[in-house]
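Chain letters run A, B, ... following the sequence lines, proteins first, then strands; residues in each count from 1.
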Amino acid sequence: MMRSCKEVSELLSARLDRKLRFMDGFGLRLHLAMCNACTQVARQFELMRTGAAELPTLEDAKRPGEK
Amino acid sequence: MNETSNSTAIGIEFDSHRPYLFKFAMLQTRNRDTAEDLVQETLVAALAAAQGFSGKSSLRTWLTSILLHKVVDLRRKAGRQQSISIDAAQDDGGAEAVEALFRENGRYVELPEDWGDPAQALTQRRFLEALEACVQGLSETAAQVFLLRDMMGLSTEEICSELSVSSTNCSVLLYRARMRLRACLEQKWLAPDDRRRRNRTRP
């Protein structure tokens, strides 16, 4: 029942791409409630995704003066 | 609507996707001129084939798919990639690097850091620059799947079908890319001074 941080990291990635099966989602929440490390990873994944969507703005800011 | 104004309208709509296409091409080719050429070719091809756009996928997905094939063609010409699927199958995506993040009991070797307030991080140019640098540190395939998913917003189904890889393989590639990115960001983004002095499981 209790999942390791490694297994949880796989679920944290998977849930960004698809709906988790009920037991996986349940196990994930249970683990996150008790584990600070995995809670940080969950936040990091979210931030990386939001950041990735912002990357094109980085290029725009760089453009003046180049070329 | 006559044909000219119709294609102008499409052109304007294409333009809103241009920064995304350019960034994707730039990160995949690492050459500004090449990237600009590819995006231009993509938009020209898309405009010519606008009637082929079924509307089943989003416009960005459709444009990304055209661009992706141009990137792959270019690599193939340079002899660097046979086909996306072969490349994806051969790429272990840093499996060992991910294994090394965990101990045998499945716990983290180095405890993940608190990255602070997300809203604040996103306003920091340094965070985005570090993220970009870390993406460039990934293998081509790993960077490709991550960017297609998290930057271009394609669904995993769309990515699997574009790259002709199984959905399991796709998930594994995404997982490894994300794990390597977060480990990289802890090094590149969080300066040593920023780090909280936490109990490390390894000195």
Less than 4.5 Å apart, side chain to side chain, heavy atoms only: is that true for [X] and [Y]?
X        : Y        : value
B/Met151 : A/Glu54  : no
A/Val41  : B/Tyr108 : yes
A/Arg18  : B/Thr156 : no

Checklist entry - Which heavy-atom pair separates B/Ala121 from A/Leu47 by the least distance, and what is that distance? => result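 Taking B/Ala121 first and A/Leu47 second, the nearest heavy atoms are CB-CD2, 3.8 Å.
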
Need one label for [X]: side chain, backbone, both or neither, based on atoms under 4.5 Å from any heavy atom in chain A.
X        : result
B/Leu27  : side chain
B/Tyr20  : both
B/Phe146 : side chain
B/Phe127 : side chain

Look up atom [atom1] in [X] and atom [atom2] in [Y], then write down how far apart they are to the nearest 0.5 Å.
X        : Y       : atom1 : atom2 : result
B/Arg178 : A/Asp17 : CZ    : CG    : 4.0 Å
B/Arg103 : A/Cys5  : CZ    : SG    : 9.5 Å
B/Arg125 : A/Leu58 : CZ    : CG    : 4.5 Å
B/Glu99  : A/Lys6  : CD    : NZ    : 3.0 Å
B/Leu147 : A/Leu55 : CG    : CG    : 7.5 Å

Item to check | Sole candidate of A/Glu46, A/Met48, A/Arg43, A/Gln40 that passes side chain to side chain contact (heavy atoms under 4.5 Å, CB included) when paired with B/Trp115 | outcome: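 Going through A/Glu46, A/Met48, A/Arg43, A/Gln40 one by one, the side chain to side chain contact (heavy atoms under 4.5 Å, CB included) with B/Trp115 is satisfied by A/Met48 alone.
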
Checklist entry - Taking A/Ser9, A/Cys35, A/Cys38, A/Ala37 one by one, which has the highest count of heavy-atom pairs under 4.5 Å against chain B? => result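 Looking at each option in turn, the highest pair count goes to A/Ser9.
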
Can a donor-acceptor pair be found, under 3.5 Å and without considering hydrogens, that links the side chain of [X] to the backbone of [Y]?
X        : Y        : result
A/Gln44  : B/Glu113 : yes
B/Arg149 : A/Leu16  : yes
A/Arg49  : B/Asp150 : no

Item to check | B/Met179/A/Phe45 under side-chain contact (heavy atoms from CB on, under 4.5 Å): CA gap, chis, key distance, verdict | outcome: CA-CA 9 Å; B/Met179 288 304 279; A/Phe45 278 180; 3.5 Å; yes

Next on the checklist: Which one wins on heavy-atom pair count under 4.5 Å against chain A: B/Leu174, B/Val172, B/Leu128?
Outcome noted: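 Most heavy-atom pairs under 4.5 Å with chain A: B/Leu128.
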
